Asker: 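Encoded as structure tokens, here's the structure I'll be asking about.
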Protein chains: 2
Amino acid sequence: MDVIKHLEWRYATKKFDKTNKLSASKLMVLKEAFNLTATSFGLQTINMLVVESADLRKLLLPHTYNQPQIVDASHLLVICIKETIEDDDVNDYFDNIKDVRNTSETILNPYRQNLIKTMKKMTQKEQQQWSLNQAYIALGNLMTVCAIEQIDSCPMEGFVPEKYDEVLNLKEKGLKSVLLLPVGYRAKDDMFADFKKVRKKVKETVFEL
Amino acid sequence: MDVIKHLEWRYATKKFDKTNKLSASKLMVLKEAFNLTATSFGLQTINMLVVESADLRKLLLPHTYNQPQIVDASHLLVICIKETIEDDDVNDYFDNIKDVRNTSETILNPYRQNLIKTMKKMTQKEQQQWSLNQAYIALGNLMTVCAIEQIDSCPMEGFVPEKYDEVLNLKEKGLKSVLLLPVGYRAKDDMFADFKKVRKKVKETVFEL
């Protein structure tokens, strides 16, 4: 597989084919890929919503500056961060390591206590910024996975997170929406699909030492 | 190709095979993949250094809390952001669109002026935070591309950026180092390679609506 050809095929799709839906198995790839995103310390303080409901997406449209791709795409992915990182988030993580790897608490405990301390030292704003970084890693991962699977996508920062949080009841889940990725298939008549990709030359962005 | 298998194969490799170097063609894939990273507005305010020099990496080691993967890996990728975004960065971008797509200035000019204004409205700190987001997208993209190409990698935030900037003369290039990704091949005796991956269940991180 030529991964570069796939990355060149990718573009921020604004016009989706409304009738062409992702199969359950394609969706499963995206869900598993999100869950496999590398996160700092492995703590996974991010979540993803897969919004298929047409009604919900209609409600979200005005809070997305009426950009039609969020309703026309097969599904709308909403990447979220945890509002705060609690001791239990760290404890659940280490309990999971214990279960999966059968590591003893004697070995894990110093790491556990240390990570609880590290998280406590951060203000809520710092925790959110830290989780936001992981959300961008997930976005980069997902866009590349989409390209490989020949799924179209459109990364979006242009929306009103507070309104999304309201419509999607995120506050009660302790989450905040931070990034969008509508996914599906490009419309056959999307003229942008054939536009040449605009990029700097590799030698302008990459330096060897 | 089963992309999920590749993502499951990936882990943050701490112990690299010092004798196993990436081929020129594999390196080229990483360089092109970096350059193809989706960035906000397509502005590409990030750069990547590919550090092969053993001498330079030895100098960087104490500024990386002596984590040996930065010297043992085949190459050390250093992702950087621009210190400030100038009018010329925006102008170069639109000139590039004009060249590549043959779009007229009449069509492009309002977008050009608008983006110059948008960038001017940001403080330098906001510009850097904005570019940092793109750096994390690039990191997510690169880790996935590495996994697909069966290249090992280790995402790292734990280093002293100011010291890296000094050693690598980044100030004179107008750049700041923000993220590291040593790349190469795992050591055959790295016991962590066989550790089971620790992840939450997909149903704990992904919700359908």
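As the structure is a prediction and not an experimental result, all values here were calculated from the model. A note on names: the letters A, B, ... follow the listed sequences, proteins ahead of strands, and every chain is numbered from 1.
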Asker: Contact between A:Y185 and A:L22 at the side-chain level, heavy atoms closer than 4.5 Å - yes or no?
Answerer: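 Yes; the side chains approach each other to less than 4.5 Å.
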Asker: Under the side-chain hydrogen bond (donor to acceptor under 3.5 Å, both in side chains) criterion, do B:S40 and A:E157 qualify, and how do the steps go?
Answerer: CA-CA 8 Å; B:S40 192; A:E157 297 172 308; 3.1 Å; yes
Asker: Does a donor on one side chain and an acceptor on the other come within less than 3.5 Å for A:T64 and A:Y164?
Answerer: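 Present: a donor and an acceptor within the cut-off.
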Asker: I need the residue from B:D2, B:L7, B:D99 with the largest number of non-hydrogen atom pairs under 4.5 Å to chain A.
Answerer: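 Most heavy-atom pairs under 4.5 Å with chain A: B:L7.
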Asker: Does any backbone or side-chain atom of B:L43 lie under 4.5 Å from a heavy atom of chain A? Answer side chain, backbone, both or neither.
Answerer: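 Interface part for B:L43: backbone (N, CA, C, O).
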Asker: What part of B:Q129 is in contact with chain A, defined as an atom under 4.5 angstrom from a non-hydrogen atom: side chain, backbone, both or neither?
Answerer: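 Answer is side chain: those atoms of B:Q129 sit under 4.5 Å from chain A.
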Asker: If only side-chain N and O atoms count, and only distance matters, is there a donor-acceptor pair under 3.5 Å linking A:N35 with A:Q44?
Answerer: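 Yes, a side-chain donor-acceptor pair sits under 3.5 Å.
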Asker: Can you measure from NZ (B:K21) to CG (B:L27) and round to the nearest 0.5 angstrom?
Answerer: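 So the gap between those two atoms works out to 8.5 Å.
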Asker: When heavy-atom pairs shorter than 4.5 Å are enumerated against chain A, which of B:F195, B:F34, B:Y93, B:Y136 gives the highest number?
Answerer: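 When all of B:F195, B:F34, B:Y93, B:Y136 are compared, B:Y136 has the most.
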Asker: If you count heavy-atom pairs under 4.5 Å between each of A:I148, A:V51, A:I46 and chain B, which one has the most?
Answerer: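 Highest number of heavy-atom pairs under 4.5 Å: A:V51.
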Asker: Check whether any side-chain heavy atom of B:W130 sits under 4.5 Å from a side-chain heavy atom of B:I85, and report yes or no.
Answerer: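 The answer is yes; the side chains approach within 4.5 Å.
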Asker: Are A:R112 and A:D95 ion-paired here, with the side-chain N under 4.0 Å from a carboxylate O?
Answerer: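 Result for this pair is yes, salt bridge flagged.
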Asker: If you count heavy-atom pairs within less than 4.5 Å of chain A, which of B:T39, B:V145, B:N141, B:L168 leads?
Answerer: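 Maximum pair count with chain A is reached by B:N141.
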Asker: Is it the side chain or the backbone of A:K82 that comes within 4.5 Å of chain B heavy atoms, both, or neither?
Answerer: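 Only the side chain of A:K82 comes within 4.5 Å of chain B.
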Asker: Measure distances from B:L49 to the heavy atoms of chain A and classify the residue's part below 4.5 Å as side chain, backbone, both or neither.
Answerer: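 Contact with chain A: backbone and side chain both.
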Asker: How close do B:S177 and B:V78 get, counting heavy atoms only, and between which atoms?
Answerer: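 In terms of heavy atoms, the two residues are closest at CB-CG1, 3.8 Å.
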Asker: Looking only at heavy atoms, what is the nearest atom pair of A:F16 and A:G184, with distance?
Answerer: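 Where A:F16 meets A:G184 most closely, the heavy atoms are CE2-N, 3.5 Å.
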Asker: Measure the CG-CG distance between B:L56 and B:L61 for me, rounded to the nearest 0.5 Å.
Answerer: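 The CG atom of B:L56 sits 12.5 Å away from the CG atom of B:L61.
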Asker: Is B:T37 in contact with chain A via its backbone, its side chain, both, or neither, using a 4.5 Å heavy-atom distance?
Answerer: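 B:T37 touches chain A through backbone heavy atoms alone.
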Asker: Which atoms of B:R199 are under 4.5 Å from chain A, going by heavy atoms: the side chain, the backbone, both sets, or neither?
Answerer: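 For B:R199, backbone and side chain are both near chain A.
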Asker: Counting heavy-atom pairs under 4.5 Å with chain B, which one of A:N47, A:D92, A:L132, A:I97 comes out on top?
Answerer: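 Answer, by heavy-atom pair count under 4.5 Å with chain B: A:N47.
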Asker: Which one wins on heavy-atom pair count under 4.5 Å against chain B: A:V3, A:L36, A:V100?
Answerer: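 Of A:V3, A:L36, A:V100, A:L36 has the most heavy-atom pairs under 4.5 Å with chain B.
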Asker: So which of B:L142, B:V202, B:N133, B:T144 has the biggest tally of heavy-atom pairs under 4.5 Å with chain A?
Answerer: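 Ranked by heavy-atom pairs under 4.5 Å with chain A, first place is B:N133.
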Asker: Heavy-atom cut-off 4.5 Å, strictly under: side chain, backbone, both or neither for B:K98 against chain A?
Answerer: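 No part of B:K98 comes within 4.5 Å of chain A.
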Asker: Return the option, out of A:H6, A:E32, A:K31, with the maximum number of heavy-atom pairs under 4.5 Å with chain B.
Answerer: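 Most heavy-atom pairs within the cutoff with chain B belong to A:K31.
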Asker: Using every non-hydrogen atom in the two residues, find where A:S153 and A:M143 come nearest and quote the distance to one decimal.
Answerer: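 Taking A:S153 first and A:M143 second, the nearest heavy atoms are OG-CG, 4.1 Å.
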Asker: Could you look at B:L139 and say if it's the side chain, the backbone, both or neither that has a heavy atom under 4.5 Å from chain A?
Answerer: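 Interface part for B:L139: side chain.
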Asker: Who wins among A:K200, A:R10, A:K197 for the most heavy-atom pairs under 4.5 Å with chain B?
Answerer: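 Looking at each of A:K200, A:R10, A:K197 in turn, A:K200 comes out on top.
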